[in-house]
> 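Dropping a structure here in structure tokens format, bear with me for questions.
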Amino acid sequence: MKKWIAILLLGLISCKPTENTLIGKYERYWDFENYSSLQLNPDNSFVLKGQEGLIWMKTAGTWRVEDKYLYLNSYPATTLNQPSTVVSEEFVKGDSILITVVDDENNFLPGVPILTYRAGDTVGADYTKADGRAVIVNQPFDSITVSYISFSPFTYTGESNQLEIKMGKDEIAPFRIENEKWLIRGSSILDPRFEGEQRKNKYKKKTSR
């Protein structure tokens, strides 16, 4: 009898999550506008990032394990404000203005509104396509504005008509978490922000191949 109790206790102890067993990357996917990843590093730091609707989130901090819960705390300063800049510009004779827009990781940004102004009036408008490009009829302008959700707005006042613009992240309301308690369930971790919403709240550990 004592032998079986000892085996049972040993099994319970071995099932208890530890820091070593939790290290790795976890991913959650609900749909194309709701997904995120959680990276737990060996030095007890973490990075949580993803998208919730039209809002991009990213925070970093420290993690610890207590019993069957993972506790996350963002660093005191997690604000990321980067200016948008011109990567390259050129004046080319022609009847169009070509604007290429990329994000801070040099990925093309589709759906970005581009507006040209002259004396305060809008004289041209377009949205970037899948290749990050927008084409506007070339007519006299005194400024070009580029703005997109979660990125720093940008205004160009030069004379070039072919521009590549890199958008910098702008977290006006930075995403932070303080002593948040996440339930550990097997190889998954449950996000308390979506409590009761199965599938939507589950981060599954990514297995290495």
Side-chain angles (χ1 to χ4, degrees), residues 25 27-39 47-61 74-75 77-177 191 193-194 197 199-201 203:
K25 186 174 184 179
E27 295 180 336
R28 176 187 70 89
Y29 183 86
W30 177 247
D31 58 35
F32 73 99
E33 286 188 339
N34 293 273
Y35 58 89
S36 49
S37 66
L38 173 65
Q39 177 71 45
V47 177
L48 174 64
K49 59 183 178 180
Q51 181 180 0
E52 300 295 339
L54 297 177
I55 304 299
W56 292 86
M57 64 174 188
K58 181 177 181 180
T59 188
S74 296
Y75 292 129
T78 56
T79 303
L80 178 62
N81 293 310
Q82 299 174 332
S84 297
T85 59
V86 173
V87 177
S88 63
E89 60 178 297
E90 184 180 5
F91 178 80
V92 178
K93 290 184 178 180
D95 58 1
S96 62
I97 299 171
L98 174 62
I99 310 292
T100 304
V101 181
V102 297
D103 64 13
D104 56 326
E105 297 180 347
N106 292 316
N107 299 309
F108 293 128
L109 274 179
V112 179
I114 312 291
L115 301 173
T116 58
Y117 295 90
R118 181 174 176 79
D121 295 326
T122 303
V123 294
D126 193 18
Y127 288 84
T128 56
K129 309 304 185 291
D131 60 0
R133 294 184 174 188
V135 179
I136 301 174
V137 175
N138 193 1
Q139 52 185 317
F141 66 88
D142 50 36
S143 67
I144 300 174
T145 64
V146 184
S147 61
Y148 199 56
I149 294 173
S150 297
F151 291 91
S152 300
F154 179 77
T155 299
Y156 176 77
T157 56
E159 298 180 352
S160 299
N161 59 1
Q162 291 196 4
L163 305 169
E164 180 176 345
I165 298 170
K166 177 179 286 190
M167 302 297 285
K169 285 289 181 65
D170 179 17
E171 296 182 354
I172 298 175
F175 174 74
R176 296 188 70 251
I177 52 182
D191 190 332
R193 296 175 302 143
F194 307 104
E197 299 183 61
R199 287 181 56 208
K200 191 173 184 180
N201 71 343
Y203 286 73

> Using every non-hydrogen atom in the two residues, find where S143 and T157 come nearest and quote the distance to one decimal.
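Looking at all heavy atoms of both residues, the closest pair is CB-CG2, 4.2 Å.
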> Closer than 3.5 angstrom, by distance alone: can the side chain of T128 be matched with the main-chain N or O of G111 as a donor-acceptor pair?
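The answer is yes, because a donor-acceptor pair under 3.5 Å joins these two groups.
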> At their closest point, which heavy atom of V112 faces which heavy atom of L109, and how far apart are they?
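So the minimum-distance heavy-atom pair works out to CG2-O, 3.6 Å.
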> Kindly compute the distance separating CD1 (I136) from OH (Y127), expressed to the nearest 0.5 Å.
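Here the rounded value is 11.0 Å.
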> Looking only at heavy atoms, which two atoms of D142 and A119 are closest? And how far apart?
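So the minimum-distance heavy-atom pair works out to OD2-N, 2.7 Å.
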> Donor-acceptor pair, D191 side chain versus Y203 backbone, under 3.5 Å?
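Checking the backbone N and O of Y203 against the side chain of D191, no donor-acceptor pair under 3.5 Å is found.
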> Classify the side-chain pair R28/S36 by whether it contains a donor and acceptor separated by less than 3.5 Å.
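Yes, because at least one side-chain N or O of R28 sits under 3.5 Å from a partner of the opposite role on S36.
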> Please list, one pair per line, the donor and acceptor atoms closer than 3.5 Å that link side chains of residues 89-101 to other protein atoms, with sequence neighbours excluded.
{"from": "E89", "atom 1": "OE1", "to": "Y156", "atom 2": "OH", "distance (Å)": "2.6"}
{"from": "E89", "atom 1": "OE1", "to": "S160", "atom 2": "OG", "distance (Å)": "2.9"}

> I need the minimum non-hydrogen distance between P113 and S147, along with the two atoms involved.
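Result for this residue pair: CD-O, 3.2 Å.
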> Considering all heavy atoms of both residues, which atom of P110 and which atom of A130 are nearest to each other, and what is their separation?
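For P110 and A130, the tightest heavy-atom pair comes out as CB-CA, 4.0 Å.
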> Tell me whether T59 contacts the main-chain N or O of L48 through its side chain, where contact means a donor paired with an acceptor under 3.5 Å.
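It does not hold such a pair.
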> From Q51 CD over to D31 CG, what is the distance, rounded to the nearest 0.5 angstrom?
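Going from CD on Q51 over to CG on D31, the span is 9.0 Å.
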> Do F154 and V86 have side chains that get closer than 4.5 Å, going by heavy atoms?
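Touching, per the 4.5 Å side-chain cut-off.
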> Calculate, to the nearest 0.5 Å, the distance between atoms CZ and CD1 belonging to R133 and I114 respectively.
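Going from CZ on R133 over to CD1 on I114, the span is 13.0 Å.
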> Spell out, as yes or no, whether a donor-acceptor pair under 3.5 Å connects the side chain of R176 to the backbone of Y75.
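A pair under 3.5 Å: yes.
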> Any idea which heavy atoms bring N201 and F194 closest together, and the distance?
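Closest heavy-atom pair between N201 and F194: CB-O, 3.3 Å.
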> Find the distance between CZ (R118) and CD (Q139) and round it off to the nearest 0.5 Å.
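With rounding to 0.5 Å, CZ (R118) is 9.0 Å from CD (Q139).
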> Checking the side chain of Q82 only, and the main-chain atoms of D104 only, is there a donor and an acceptor separated by less than 3.5 Å?
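No: the side chain of Q82 does not pair with the backbone of D104.
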> Is the side chain of T116 donor-acceptor paired with the backbone N or O of I144 at a distance under 3.5 Å, no angle test?
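Such a contact is absent between T116 side chain and I144 backbone.
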> Do the side chain of D126 and the main chain of V135 share a donor and acceptor less than 3.5 angstrom apart?
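Indeed, once roles are kept as given, a pair shorter than 3.5 Å links the two residues.
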